[in-house]
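Chain identifiers are assigned alphabetically (A, B, ...) following the order of the sequence lines, protein sequences preceding nucleic acid strands; residue numbering begins at 1 within each chain.
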Number of protein chains: 2
Amino acid sequence: MGATKTEIFSEQQNRIADLAKAFAHPARVAILQLLIAKKACVCGDLVDELPLAQPTVSQHLKELKRIGIIKGEIDPPRVCYCINETVWEEARQVFGSLLNALMTEKTTCC
Amino acid sequence: MGATKTEIFSEQQNRIADLAKAFAHPARVAILQLLIAKKACVCGDLVDELPLAQPTVSQHLKELKRIGIIKGEIDPPRVCYCINETVWEEARQVFGSLLNALMTEKTTCC
DNA sequence: ATAACCTATCGTAATATTGCGATAAAGGGA
DNA sequence: TCCCTTTATCGCAATATTACGATAGGTTAT
């Protein structure tokens with residue numbers, strides 16, 4: 001064992017978990033914040049802003065791309081990354097309904 | 001290496017990452033959904049609802065407690081878990097501002 | 001006291017993640 | 001063509017996470 005048993009959970013639950021992983025590491029949070037503020041966009045600029053080695057940043061960018069929350073446009077020899085607004089909106093919607101679910105229900109248990 | 005270099009990131013970034021970890025595993029998403037819907041609250045009921053062994057569920061509950069998003073009240077011999085509304089509100093606020101930040105900015109880069 | 005029940009913890013195994021040096025790949029310009 | 005710049009990938013090491021059987025701990029009921 002050691003691997004997450006994804007097959008026993010719903011599509012929705014797995015998607016939420018995947019989207020959350022985009023924010024589950026401070027380096028990725030920093031990258032996303034930089035992309036939003038547009039203080040950086042090109043991979044090299046991100047490396048300059050972050051106290052991490054270039055391969056490490058590249059790996060985090062790859063993970064964010066896998067999740068779909070960013071997209072990269074090659075502009076040789078650079079690659080310009082930006083937020084994928086469609087997936088960002090999905091995350092907004094998903095976390096919005098999850099986090100607002102508590103409001104509609106009433107806590108009466110313990 | 002292999003450990004996250006938490007010391008080089010801001011408190012805020014590390015807190016966001018930690019809160020996101022609560023949602024970064026489908027089992028924890030399922031647990032939180034059950035706690036919200038109050039289909040279960042007692043540890044044993046959660047184990048019944050989830051296709052995971054009791055120690056595994058207990059471990060996820062421990063992680064959620066570490067983050068602070070749930071709290072457990074012992075009601076011997078049971079333990080009744082529920083959402084910690086204060087931290088849940090923190091998460092709502094944190095993810096809300098992060099996910100809404102894109103709206104205020106305008107995407108003009110790539 | 002002992003039995004029964006419920007949950008936590010320990011120990012272990014398997015897999016995943018994080019980080020980085022070295023190196024490859026891809027394109028532009030001399 | 002040969003470099004130069006930039007990014008991706010490989011390979012490795014260290015640490016973290018996930019999962020569960022076995023067992024311990026704590027409380028109630030008998």
Inset, instruction - Decide side-chain hydrogen bond (donor to acceptor under 3.5 Å, both in side chains) for A:Q59 and A:T56; before the verdict, give the C-alpha distance in whole Å, the side-chain angles of both, and the deciding distance to 0.1 Å. - result: CA-CA 5 Å; A:Q59 196 170 344; A:T56 305; 5.7 Å; no
Inset, instruction - Answer yes if the side chains of A:E89 and A:T86 hold a donor-acceptor pair under 3.5 Å, and no otherwise. - result: no
Inset, instruction - Mark yes when over 12 heavy atoms from residues, nucleotides or ligands other than A:E11 sit less than 6.0 Å from its CD; otherwise mark no. - result: no
Inset, instruction - Step through the shown structure and confirm whether more than 12 heavy atoms of other residues, nucleotides or ligands are within 6.0 Å of CD1 on B:I74. - result: no
Rounded to whole Å, how long is the line connecting atom [atom1] of [X] with atom [atom2] of [N]?
{"X": "B:I31", "N": "C:dT7", "atom1": "CD1", "atom2": "P", "answer": "13 Å"}
{"X": "A:I70", "N": "D:dT7", "atom1": "CD1", "atom2": "C1'", "answer": "13 Å"}
{"X": "B:R78", "N": "D:dT27", "atom1": "CZ", "atom2": "C1'", "answer": "11 Å"}
{"X": "A:L50", "N": "C:dG19", "atom1": "CG", "atom2": "C1'", "answer": "13 Å"}
{"X": "A:E73", "N": "D:dT6", "atom1": "CD", "atom2": "C1'", "answer": "17 Å"}
{"X": "A:L64", "N": "D:dT7", "atom1": "CG", "atom2": "C1'", "answer": "16 Å"}
{"X": "B:L61", "N": "C:dA8", "atom1": "CG", "atom2": "P", "answer": "7 Å"}

Inset, instruction - State which residues pass salt bridge (Lys or Arg N to Asp or Glu O under 4.0 Å) with A:R15; sequence neighbours excluded, sorted by chain then number. - result: A:E90
Legend entry - Sequence-aligned protein contact record of nucleotides 14-20 of chain D, with B where the base is within under 4.0 Å of a protein heavy atom and S where only the sugar-phosphate is: BB-BBBB
Legend entry - Parallel, tilted or perpendicular: ring planes of B:F95 versus A:F95, cut at 30 and 60 degrees: parallel
Inset, instruction - Please determine if a side-chain N or O atom of B:Y81 lies less than 4.0 Å away from the OP1 or OP2 oxygen of C:dA8. - result: yes
Legend entry - Pairs touching residues 26-57 of chain B that satisfy ring pair (Phe, Tyr, Trp, His ring centres under 6.0 Å), sequence neighbours left out: none
Could you list the protein-to-nucleotides 28-30 of chain D atom pairs, N/O on both sides, closer than 3.5 Å?
none

Inset, instruction - Classify the nucleic acid contact of A:V42 as base, sugar-phosphate or nothing, counting any heavy atom under 4.0 Å across all strands shown. - result: sugar-phosphate
Legend entry - Contacts of type ring pair (Phe, Tyr, Trp, His ring centres under 6.0 Å), residue B:F9, not counting sequence neighbours: none
Legend entry - Taking every non-hydrogen atom, the tightest pair across B:Q33 and A:Q13: OE1-NE2, 2.9 Å
Inset, instruction - Considering non-hydrogen atoms only, spot the tightest contact between A:L52 and A:V47 and give its length. - result: O-CG1, 4.0 Å
Inset, instruction - Evaluate the side chain to side chain contact (heavy atoms under 4.5 Å, CB included) criterion for residues B:L32 and B:I70: first the C-alpha distance (whole Å), next the side-chain angles of each, then the deciding distance (0.1 Å), finally the verdict. - result: CA-CA 8 Å; B:L32 292 172; B:I70 68 169; 3.8 Å; yes
Inset, instruction - Kindly calculate the angle separating the two end axes of the helix from C:dA1-D:dT30 to C:dA30-D:dT1, each obtained from five base pairs, and round it to 10 degrees. - result: 10°
